Amino acid sequence: MKKVIQMALFLAIVAGLSGAALSFVYNLTDPIIQEAAIASEKENLVQLYSNGEEFKVVETNFGDYPTLQGVYEVIKGGSVKAHVYKGSVTGYGGASSPIVFLVALEDGKYSGYTVLEASAETSGIGTRIKDAEFKDNIVGTDIGGSVDTLSGATVSSKAVVNSIKEAAKHYQENFK
Amino acid sequence: MKKLDIFKKGLFVENPIFVLLLGLCSALAITTSLTNAIGMGMAVICVLIMSNLIISLLRKVIPHEIRIPVYIIIIATLVKCVQMLMNAYTQELYTSLGVFIPLIVVNCIILGRAESFASQNTIIDSLLDALGMGIGYTIAVVVISFFRELIGTGGLSLFNPFDGSQVIFQFELFGDYAISLLTQPAGAFITLGCILAFIQFWNNRKSKKVGGQ
């Protein structure tokens, strides 16, 4: 019996030490990892927010939101000002070359929208999702409200609209 | 001389991949490019040295009955540390090695060396053993990835594993005739099988020569 307790104690001490070592390395590396994670996205995010805001990656599970790829907090003056979602959807160009876009949600409204990648969409048709006409459909409207698709570019615009709906749902469930 | 032998046996005579056939899972999976192989080799050398060192230090303290769980905790901790450090400082290598870094935990080479060598030998010997085995592993994955990348993509490229933008060399020889099967998992088995067969052939010939004289 004494031996068993001794061994259990030994194992517990080893596990405790390993936990201490891990938390030390975690504290050392976590800021760098966070910064690297946002660095690749920062040049895209400044397209929406360019007045010296800070960005932070939000760790979340997108299991129920297949078209969402990431969500970023926009921090101004120490408090969270808005959330930006990155979506990747299949447009007219097929699944191998998706449409990638960012949409910003702020104070109950969509406050920004920009397309990062739509090179496989038909020029002049599918690429209209980049134009002001479609952007004006989105920006300024209430979160969760319906967004019109573009007639003539239904495949591309509907994919984006559906993904924005997912972002709105995720936003309302997690950040409201 | 004996110390040198401990170091040397890991390189060829007891090469973990080609002779002991340990740690094949990671070795087959990451050998799609030379850069990956070298990066993985370095990670394994790091973990192997540290685990052998710690286990050899503690070999008199660890109760015999629970030595395996203790080894696993130590190795898992080291691997997790290496993983976090790689994620922080060598982002590109980290993304290309992906899931195979955590898999170092179950890499039999490390547990095998801990159990069969470090737990019975002094610190210096264990260190030499880890170095030899680690370098042996690296040589093996570099050889496999050399053939896989050359035949599979028709060219060779080597980037600095710690900074993907630094190209050491990159050329293409016969891109139109590349056999892309070799970059697939099945190609890893075929490549390894051919190399093992060659080593066997070589050994047989050598022993026949010795026998004939």
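Computed from a predicted structure; not experimentally measured. Labels below follow one simple rule: chain letters A, B, ... track the order of the sequence lines, proteins then strands, and each chain is numbered from 1.
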J.: Might you point out which heavy atoms bring B/Ala88 and A/Ile32 nearest each other, and give the distance in Å?
T.: O-CG2, 3.4 Å
J.: Quick check for you: among B/Leu78, B/Ile74, B/Ile73, which has the greatest number of heavy-atom pairs under 4.5 Å with chain A?
T.: B/Ile73
J.: More than 12 foreign heavy atoms under 6.0 Å from OH of B/Tyr177: is that the case here?
T.: no
J.: Taking atom CD1 of A/Ile33 and atom OH of B/Tyr94, what is their separation to the nearest 0.5 Å?
T.: 7.0 Å
J.: For the NZ atom on B/Lys9, are there more than 12 heavy atoms of other groups (residues, nucleotides or ligands in this structure) within a distance under 6.0 Å?
T.: yes
J.: Pair A/Thr29, B/Leu85 - check side chain to side chain contact (heavy atoms under 4.5 Å, CB included), show working.
T.: CA-CA 6 Å; A/Thr29 54; B/Leu85 289 170; 3.6 Å; yes
J.: With side chain to side chain contact (heavy atoms under 4.5 Å, CB included) as the test, would you mind laying out the steps for A/Leu22 and B/Met84 before giving the verdict?
T.: CA-CA 9 Å; A/Leu22 282 178; B/Met84 288 193 283; 4.1 Å; yes
J.: Would you say CG of B/Leu57 has more than 12 non-hydrogen atoms from neighbouring residues, nucleotides or ligands within 6.0 angstrom?
T.: yes
J.: Has A/Tyr92 got more than 12 heavy atoms of other residues, nucleotides or ligands less than 6.0 Å from its OH?
T.: no
J.: How long is the straight-line distance from CD of B/Glu65 back to CD of A/Gln6, given to the nearest 0.5 Å?
T.: 10.0 Å
J.: Among the options A/Gly19, A/Pro31, A/Ser18, pick out the one with the most heavy-atom pairs lying under 4.5 Å from chain B.
T.: A/Ser18
J.: Give a yes or no on this: more than 12 heavy atoms of other residues, nucleotides or ligands lie within 6.0 Å of atom CD of A/Gln69.
T.: yes
J.: More than 12 heavy atoms of other residues, nucleotides or ligands under 6.0 Å from NZ of A/Lys135: is that the case?
T.: no
J.: Please look at A/Phe24 and chain B and tell me whether the side chain, the backbone, both or neither of the residue comes under 4.5 angstrom of a heavy atom of that chain.
T.: neither
J.: Select one option (side chain, backbone, both, neither) describing which atoms of B/Ile62 are under 4.5 Å from chain A's heavy atoms.
T.: both
